[in-house]
Amino acid sequence: MGDERIAAVEEVPADGTLLYTVADGGDEREAILLKLSDGSVTSFLNYCMHWTDVKLDTGDGAPVRNGDVVCRKHAATFEKDTGVCTHGPCEGAQLDPVSVETRDGDVYLADDDYEFVRTGVEDGDPADLSTDPGARLGF
Ligand code: FES
(Lines give C-alpha, C1' and ligand atoms only; values in the text may rest on other atoms or scores of the structure.)
Protein backbone atom coordinates (compact mmCIF):
# COMPACT_ATOMS: atom_id res chain seq x y z
CA MET A 1 0.00 0.00 0.00
CA GLY A 2 1.23 3.43 -0.94
CA ASP A 3 3.98 2.06 -3.19
CA GLU A 4 2.23 2.29 -6.52
CA ARG A 5 3.31 5.53 -8.16
CA ILE A 6 0.68 7.06 -10.42
CA ALA A 7 2.27 10.27 -11.64
CA ALA A 8 4.30 13.30 -10.62
CA VAL A 9 2.31 15.94 -8.75
CA GLU A 10 3.31 18.48 -11.40
CA GLU A 11 1.66 16.33 -14.09
CA VAL A 12 -1.75 16.82 -12.44
CA PRO A 13 -3.35 19.91 -13.99
CA ALA A 14 -5.05 22.55 -11.84
CA ASP A 15 -7.66 23.18 -14.52
CA GLY A 16 -8.39 19.60 -15.55
CA THR A 17 -7.88 16.02 -14.44
CA LEU A 18 -5.33 13.27 -14.99
CA LEU A 19 -6.84 9.95 -16.01
CA TYR A 20 -5.47 6.63 -14.80
CA THR A 21 -6.65 3.05 -14.56
CA VAL A 22 -6.91 0.79 -11.54
CA ALA A 23 -7.88 -2.85 -11.16
CA ASP A 24 -10.69 -3.76 -8.80
CA GLY A 25 -10.29 -7.50 -8.51
CA GLY A 26 -10.19 -8.56 -12.16
CA ASP A 27 -11.97 -5.53 -13.50
CA GLU A 28 -10.29 -2.40 -14.74
CA ARG A 29 -11.81 0.90 -13.72
CA GLU A 30 -10.82 4.43 -14.52
CA ALA A 31 -9.99 7.06 -11.95
CA ILE A 32 -8.93 10.70 -12.02
CA LEU A 33 -6.43 12.80 -10.11
CA LEU A 34 -7.36 16.37 -9.23
CA LYS A 35 -5.18 19.15 -7.89
CA LEU A 36 -6.50 21.47 -5.20
CA SER A 37 -5.57 25.12 -4.83
CA ASP A 38 -3.10 24.28 -2.05
CA GLY A 39 -1.28 21.87 -4.37
CA SER A 40 -2.57 18.69 -2.73
CA VAL A 41 -4.07 15.93 -4.85
CA THR A 42 -7.35 14.04 -4.53
CA SER A 43 -8.74 11.15 -6.54
CA PHE A 44 -12.09 9.64 -7.45
CA LEU A 45 -13.37 7.02 -9.83
CA ASN A 46 -14.05 8.51 -13.26
CA TYR A 47 -17.80 7.97 -13.33
CA CYS A 48 -20.53 10.56 -12.95
CA MET A 49 -23.03 9.99 -10.14
CA HIS A 50 -25.96 10.85 -12.43
CA TRP A 51 -25.42 8.27 -15.14
CA THR A 52 -22.67 6.06 -13.82
CA ASP A 53 -21.61 4.87 -17.27
CA VAL A 54 -20.69 8.44 -18.21
CA LYS A 55 -17.05 9.29 -17.68
CA LEU A 56 -16.01 12.70 -16.42
CA ASP A 57 -12.63 12.54 -18.16
CA THR A 58 -12.87 11.06 -21.66
CA GLY A 59 -9.14 11.05 -22.15
CA ASP A 60 -8.35 14.72 -22.49
CA GLY A 61 -9.11 15.89 -18.96
CA ALA A 62 -12.47 16.70 -17.42
CA PRO A 63 -13.42 20.38 -17.51
CA VAL A 64 -12.97 22.35 -14.28
CA ARG A 65 -15.04 25.47 -13.68
CA ASN A 66 -14.83 27.68 -10.58
CA GLY A 67 -12.79 24.99 -8.89
CA ASP A 68 -15.32 22.21 -9.52
CA VAL A 69 -15.15 19.31 -11.95
CA VAL A 70 -17.95 19.48 -14.52
CA CYS A 71 -19.69 16.53 -16.18
CA ARG A 72 -20.03 17.31 -19.88
CA LYS A 73 -23.25 15.34 -20.19
CA HIS A 74 -25.69 17.36 -18.07
CA ALA A 75 -23.28 19.79 -16.37
CA ALA A 76 -23.30 18.38 -12.84
CA THR A 77 -20.49 19.95 -10.80
CA PHE A 78 -18.40 18.13 -8.20
CA GLU A 79 -16.13 19.59 -5.53
CA LYS A 80 -12.53 18.64 -6.15
CA ASP A 81 -11.76 18.04 -2.50
CA THR A 82 -14.82 16.01 -1.45
CA GLY A 83 -16.28 14.78 -4.76
CA VAL A 84 -19.71 15.99 -3.63
CA CYS A 85 -22.07 17.14 -6.38
CA THR A 86 -22.91 20.77 -5.60
CA HIS A 87 -25.17 21.43 -8.56
CA GLY A 88 -26.96 19.33 -11.16
CA PRO A 89 -29.17 16.27 -11.45
CA CYS A 90 -27.24 14.27 -8.84
CA GLU A 91 -26.84 17.11 -6.31
CA GLY A 92 -25.69 15.77 -2.94
CA ALA A 93 -24.25 12.55 -4.36
CA GLN A 94 -20.54 11.91 -3.98
CA LEU A 95 -18.02 10.53 -6.44
CA ASP A 96 -16.40 7.27 -5.32
CA PRO A 97 -13.16 8.28 -3.59
CA VAL A 98 -9.81 6.60 -4.23
CA SER A 99 -7.15 7.07 -1.57
CA VAL A 100 -3.91 8.59 -2.82
CA GLU A 101 -0.93 10.13 -1.06
CA THR A 102 1.82 12.45 -2.20
CA ARG A 103 5.45 11.92 -1.34
CA ASP A 104 8.57 13.62 -2.68
CA GLY A 105 6.66 15.22 -5.53
CA ASP A 106 4.90 12.06 -6.68
CA VAL A 107 1.35 10.74 -6.25
CA TYR A 108 0.91 7.16 -5.04
CA LEU A 109 -2.12 4.94 -4.90
CA ALA A 110 -2.87 4.26 -1.23
CA ASP A 111 -6.12 2.33 -1.45
CA ASP A 112 -6.38 -1.33 -0.50
CA ASP A 113 -9.38 -1.76 -2.78
CA TYR A 114 -7.47 -1.04 -5.99
CA GLU A 115 -4.24 -1.86 -7.78
CA PHE A 116 -2.59 0.64 -10.08
CA VAL A 117 -2.60 -0.47 -13.73
CA ARG A 118 -1.49 2.50 -15.86
CA THR A 119 -1.97 6.16 -16.53
CA GLY A 120 -4.50 6.65 -19.30
CA VAL A 121 -7.68 4.86 -20.28
CA GLU A 122 -8.73 1.31 -19.50
CA ASP A 123 -7.98 -1.34 -22.11
CA GLY A 124 -10.14 -1.84 -25.16
CA ASP A 125 -12.16 1.33 -24.96
CA PRO A 126 -10.97 3.59 -27.77
CA ALA A 127 -14.24 5.53 -27.53
CA ASP A 128 -12.73 7.16 -24.48
CA LEU A 129 -10.45 9.09 -26.78
CA SER A 130 -13.37 10.66 -28.58
CA THR A 131 -13.29 14.43 -28.41
CA ASP A 132 -17.02 14.58 -29.07
CA PRO A 133 -18.80 13.94 -25.78
CA GLY A 134 -22.10 14.72 -27.46
CA ALA A 135 -21.77 11.65 -29.65
CA ARG A 136 -23.52 9.54 -27.05
CA LEU A 137 -27.24 9.95 -27.58
CA GLY A 138 -30.05 10.16 -25.10
CA PHE A 139 -31.12 12.36 -22.26
S1 FES B 1 -24.40 12.05 -16.73
FE2 FES B 1 -23.21 13.47 -15.59
S3 FES B 1 -24.65 15.04 -15.18
FE4 FES B 1 -25.83 13.56 -16.25
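As the structure lists them, so they are numbered: ligands from 1, and atoms in each ligand from 1.
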Contacting atoms of ligand 1, where contact means under 4.0 angstrom from a heavy atom of A76: 3 (S)
Atoms of ligand 1 close to C48 [distance to a heavy atom under 4.0 angstrom, numbered from 1]: 1 (S), 2 (Fe), 3 (S)
Backbone or side-chain N/O/S of C71 under 2.8 Å of atom 2 (Fe) of ligand 1: yes
Of all N/O/S atoms in H74, the name of the one nearest atom 4 (Fe) of ligand 1: ND1
Carboxylate-amine/guanidinium contact K55 E30, below 4.0 Å: yes
Basic-acidic side-chain contact under 4.0 Å: E28, R118: yes
Presence of N, O or S from C90 under 2.8 Å of atom 2 (Fe) of ligand 1: no
K73 neighbourhood, listing ligand 1 atoms whose heavy-atom distance to it stays under 4.0 Å: 1 (S)
T17 versus D57, side-chain donor and acceptor atoms under 3.5 Å: yes
Of all N/O/S atoms in H50, the name of the one nearest atom 4 (Fe) of ligand 1: ND1
Numbering as shown, the atoms of ligand 1 that approach W51 to under 4.0 Å (heavy-atom distance): 1 (S)
Mutual orientation of the aromatic rings belonging to H50 and H74 [parallel < 30°, tilted 30-60°, perpendicular > 60°]: perpendicular
Short side-chain donor-acceptor distance under 3.5 Å, S99 and Y114: no
Connected via hydrophobic side-chain network under 4.5 Å: L45 and F116: yes
